[in-house]
Amino acid sequence: MNDQMRVRREKMNDLLAEGIDPFGHEFKPTALAAELDQKYDQFSKDELENKHIEVTVAGRMIAKRGSGKVGFADLLDRSGKIQIYVRKDVVGEQAYHIFKRADIGDFLGFTGEVIKTDMGQLTIRPTKVTFLSKALRPLPEKYHGLQNKEQKYRQRYLDLISNRTSFDRFQQRAQIIKAVRSYLDNDLDFTEVETPVLHSSAGGASARPFITHHNALDIDLYLRIALELHLKRLIVGGMGRVYEIGRVFRNEGMDKEHNPEFTELESYAAYYDFYDVMDETEGIFRSAAKVVSPDLKIEYQGQPVDLGQPFKRIHMVDAIKEKTGVDFWPKLSTEQARQLADQHQVSYENYWQTGHIINAFFEKFVEPTIKDPTFVYGHPIEISPLAKKNADDARFTDRFELYILGNEYANAFSELNDPIDQRQRFEAQAQERVDGNEEAQGIDDDYVKALEYGMPPTGGLGIGIDRLVMLLTDAPSIRDVLLFPTMRPED
RNA sequence: GAGCCGUUAGCUCAGUCGGUAGAGCAUCUGACUUUUAAUCAGAGGGUCGGCAGUUCGAACCUGCCACGGCUCACCA
């Protein structure tokens, strides 16, 4: 324990000795800092002096300055900061003593008049001081805030107290999710549902799952890697338009864009095709962007993005042709595709067929170059086991991904609703797994059975909510939009 | 998984050639009745991430370990 912690414990004991509970009780503030600023900052010092507005506020004292018989403090509540101006001759000997002995970090309540200082700063001049809760540890430095990234992630509460941009970002995250919900609920008449997190087989995406064990049933279960297969069962069940915003878990590497658990939105709408889903996606992005920028123009890491313009649309094969001159429209054997890959230094796995190679060309030569919001559609069937074949060209699917500034933000398709085709696709996936793709999904018989009862033509969509929030709040790392990112334990 | 970088007071950071540890904020004492990174005077506060090694002597050099960051690879 250091000197500061020792002193704070002494002060805690002093409070007890004076009959004050250092970890107080309920308190009824009548105003928030931001509210006061909005309502009264427009008035002059004299106008406020005549109004005699009395309010009660509560919060954490985050700064303190003063002289002998008066003191100033900054009080932080959930809305922001308000200055407090405590005068010994107004609050009295005992209250002033409490204020003077209070440490930065302590929670205090004040009742008093809203005034302006000579410097024009909106301030509360209390007549009453209430001690609410003692901080036994000192806060990070007031000017620089908490800079140590590891500590920001491990002790997010300190980051939230001392770095307002971080605090605001998490408020914005909540608002963005609310806006997305509102768009789906109110504009498109979707129903929000909750499906299981514990799956008996992990499907709906290509990823390695976390495995856990259920004792009573004595079976291993997987934490879900996607929401897809359950939501489509609900389309079979006649729910028509459903979505879920929920946590999924992928047992893979971590970096600036990947956390082992993250939040995904998936939506499914009967009778939509993937063009309808493009419109839906634009609607979601605009609703979300409006939260941070009414004109839908944003900047991400120094690069401008206009989410107000119609998103571009391009077929994957055309995009590759445009960037590399390589034309994948003519039908190519796996051997021919591999030759092209060799010529362009695109490496491939044993189990790869033409479609995998087309996708690899896209990822290597096109994906990093996309700046404006762009729907890239027509993914090869080999990498799209849940998407409907294109009616005119069975090598490709009616699937798209949305790219902005070289990053993927959405993945969607006209859903494969032919149970016979679906079983074959699952079998191809199972074969891929045998051939060495650890992330290929297994056969989900129960899901195929559901399809056999009949699923209407359906358009589905998946959006990584964390990446959307990163984009809209200009966050460089996914850890900056997750309150508690996954960290290795310290000891 | 690889490479590079980082870890020094509660926080933000310096630390020269290897010679026994520094600043600002914060804390403590005192002064101060309109401050806002308040000011002024004084004081206390360190397992220099950990463990070994080299050396008369290590925050500094070497090795190993821990945690983190960045980049790359992996990952639709």
Side-chain angles (χ1 to χ4, degrees), chain A residues 1-8 10-11 45 62-74 81-90 96 101 103-105 115-123 125 135-155 158-159 161-163 204-208 225-226 250-258 260 316 347 349 352 355-356 358-360 362-363 367 376 379-380 382-387 397 399-401 403 408 410-411 413 429 432 437-441 462 464 476-477 479 485 487-491:
Chain A
M1 194 176 345
N2 63 42
D3 58 332
Q4 300 198 45
M5 289 172 67
R6 222 168 277 124
V7 166
R8 283 164 185 251
E10 280 165 21
K11 288 178 177 174
K45 185 175 193 293
I62 56 164
K64 194 176 166 186
R65 44 190 178 271
S67 31
K69 298 181 179 63
V70 304
F72 290 86
D74 291 336
K81 275 194 297 192
I82 182 81
Q83 179 170 265
I84 310 293
Y85 171 45
V86 187
R87 291 178 62 100
K88 190 174 187 178
D89 58 5
V90 175
Y96 195 72
R101 291 281 285 167
D103 284 306
I104 289 171
I115 62 156
K116 264 194 178 173
T117 62
D118 293 345
M119 301 303 288
Q121 173 76 47
L122 196 73
T123 298
R125 185 179 53 211
L136 294 178
R137 290 174 183 269
L139 255 34
E141 202 243 2
K142 64 183 171 188
Y143 188 62
H144 299 91
L146 184 65
Q147 295 300 321
N148 184 304
K149 285 188 186 177
E150 178 173 359
Q151 214 173 342
K152 283 166 69 139
Y153 300 147
R154 288 192 196 276
Q155 294 179 277
L158 294 180
D159 180 44
I161 293 163
S162 62
N163 299 319
S206 306
R208 274 181 285 186
I225 58 171
R250 297 187 182 180
N251 205 341
E252 292 172 345
M254 298 165 66
D255 59 35
K256 279 168 84 164
E257 279 141 8
H258 298 80
M316 184 180 280
S347 50
E349 304 287 337
W352 281 23
H356 296 96
I358 293 174
N359 185 55
F362 171 76
E363 287 183 357
E367 186 176 322
V376 176
H379 295 58
E382 293 93 327
I383 59 157
S384 312
L386 300 162
T397 58
R399 172 182 176 187
F400 72 79
E401 289 179 307
Y403 290 92
E408 179 195 332
N411 178 25
F413 27 89
Q429 285 288 300
E432 259 196 39
N437 182 0
E438 281 184 63
E439 304 196 334
Q441 27 193 322
S477 167
R479 296 184 195 99
M487 301 288 278
R488 195 185 285 273
E490 275 179 295
D491 293 317

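Remember, it's a predicted structure, so these values are computed and weren't measured experimentally. Chain identifiers are assigned alphabetically (A, B, ...) following the order of the sequence lines, protein sequences preceding nucleic acid strands; residue numbering begins at 1 within each chain.
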May I have the distance from [X] (atom [atom1]) to [N] (atom [atom2]), rounded to whole angstrom?
X	N	atom1	atom2	value
Arg250(A)	C74(B)	CZ	P	18 Å
Ile62(A)	A26(B)	CD1	P	13 Å
Ile82(A)	U36(B)	CD1	P	17 Å
Arg137(A)	A9(B)	CZ	C1'	15 Å
Ile225(A)	A76(B)	CD1	C1'	12 Å
Met5(A)	A26(B)	CE	C1'	14 Å
Lys45(A)	U35(B)	NZ	P	12 Å
Lys116(A)	U36(B)	NZ	P	18 Å

For atom [atom1], what is the distance between [N] and [M], given to the nearest Å?
N	M	atom1	value
C17(B)	A52(B)	C1'	25 Å
G19(B)	G57(B)	P	14 Å
U55(B)	G50(B)	P	23 Å
G24(B)	U20(B)	C1'	24 Å
C13(B)	G6(B)	C1'	13 Å
G53(B)	C70(B)	P	35 Å
G15(B)	G49(B)	P	14 Å
C48(B)	C74(B)	C1'	37 Å

Sequence-distant partners of [X], ring-ring contact (aromatic ring centres under 6.0 Å, His included), two or more places apart:
X	answer
Tyr96(A)	none
Tyr153(A)	none
Tyr403(A)	Phe362(A)

Any side-chain N or O of [X] under 4.0 Å from OP1/OP2 of [N]?
X	N	result
Lys64(A)	A38(B)	no
Arg65(A)	U35(B)	no
Gln151(A)	G68(B)	no

Might you point out which heavy atoms bring [X] and [Y] nearest each other, and give the distance in Å?
X	Y	value
Ile104(A)	Ile62(A)	CG2-O, 3.7 Å
Pro380(A)	Met316(A)	CD-SD, 3.7 Å
Ser384(A)	Arg399(A)	OG-NH1, 2.8 Å
Gln429(A)	Glu382(A)	NE2-O, 3.9 Å

Checking contacts here: which listed nucleotide ([options]) is nearest the side-chain heavy atoms of [X]?
X	options	value
Met487(A)	G68(B), A76(B), C25(B)	G68(B)
Arg399(A)	A76(B), A26(B), U34(B)	A76(B)
Glu401(A)	C28(B), G68(B), A76(B)	A76(B)
Asn359(A)	G10(B), U36(B), A76(B)	A76(B)
Ile104(A)	U34(B), G10(B), U27(B)	U27(B)
Thr117(A)	A76(B), C28(B), U35(B)	U35(B)

Give me, pair by pair, the N or O atoms of the protein and of nucleotides 70-72 of chain B that are less than 3.5 Å apart, along with how far apart they are.
{"unit_1": "C70(B)", "atom_1": "OP2", "unit_2": "Arg479(A)", "atom_2": "NH1", "d": "3.4"}
{"unit_1": "U71(B)", "atom_1": "OP1", "unit_2": "Lys256(A)", "atom_2": "NZ", "d": "3.1"}

Quick check: on RNA chain B, is the nucleotide nearest Arg125(A) upstream (toward 5') of the one nearest Leu139(A), or the reverse? Name the residue that is more 5'. Leu139(A)
Please work out if His258(A) contacts a base, only the sugar-phosphate, or nothing of the nucleic acid, heavy-atom cut-off 4.0 Å. base
Identify whether any heavy atom of Asn411(A) sits under 4.0 Å from a base atom; if not, whether one sits that close to sugar-phosphate; answer base, sugar-phosphate or nothing. base
Take atom CZ of Arg137(A) as the centre, draw a 6.0 Å sphere, and report whether it contains more than 12 heavy atoms from other residues, nucleotides or ligands. no
Please check if atom CE in Met487(A) has more than 12 non-hydrogen atoms from other residues, nucleotides or ligands closer than 6.0 Å. yes
How does each nucleotide of nucleotides 1-7 of chain B score, in 5' to 3' order, for protein heavy atoms under 4.0 Å: base (B), sugar-phosphate only (S), or none (-)? -------
Heavy atoms under 4.0 Å is the rule here; annotate nucleotides 43-48 of chain B 5' to 3' with B where the base is hit, S where only the sugar-phosphate is, and - elsewhere. -B----
Restricting to side-chain contact (heavy atoms from CB on, under 4.5 Å), what partner residues turn up for [X], sequence neighbours left out?
X	value
Val90(A)	Arg87(A), Thr127(A)
Ser206(A)	Glu439(A)
Ala205(A)	Ile225(A), Ala226(A), Arg250(A)
Glu141(A)	Tyr143(A), His144(A)

Inspect the contact between [Y] and [X] and indicate whether a charged nitrogen and a carboxylate oxygen are less than 4.0 angstrom apart.
X	Y	value
Asp103(A)	Lys11(A)	yes
Glu150(A)	Arg154(A)	yes
Asp74(A)	Arg65(A)	yes

Under a 3.5 Å cutoff, is there a donor and acceptor pairing between the side chains of Gln155(A) and Asp159(A)? no
Can you find a side-chain donor-acceptor pair between His258(A) and Glu252(A) that sits under 3.5 Å? no
Per the atom types in the model, does the base of U35(B) pair as donor or acceptor with the side chain of Gln121(A) at under 3.5 Å? no
Only Watson-Crick and G-U wobble pairs with both distances less than 3.5 Å should count. Give RNA chain B in dot-bracket notation, marking inter-strand partners with |. (((((((..((((.....[..)))).(((((.......))))).....(((((..]....))))))))))))....
Tabulated below should be each protein N or O lying under 3.5 Å from an N or O of nucleotides 31-33 of chain B; please produce it.
{"unit_1": "C32(B)", "atom_1": "N3", "unit_2": "Gly68(A)", "atom_2": "N", "d": "3.4"}
{"unit_1": "U33(B)", "atom_1": "O2", "unit_2": "Arg87(A)", "atom_2": "NH1", "d": "3.0"}
{"unit_1": "U33(B)", "atom_1": "O2", "unit_2": "Arg87(A)", "atom_2": "NH2", "d": "2.5"}
{"unit_1": "U33(B)", "atom_1": "N3", "unit_2": "Arg87(A)", "atom_2": "NH2", "d": "3.3"}
{"unit_1": "U33(B)", "atom_1": "N3", "unit_2": "Asp89(A)", "atom_2": "OD2", "d": "3.4"}

Any donor-acceptor pair under 3.5 Å from Gln83(A) side chain to Thr123(A) backbone: no
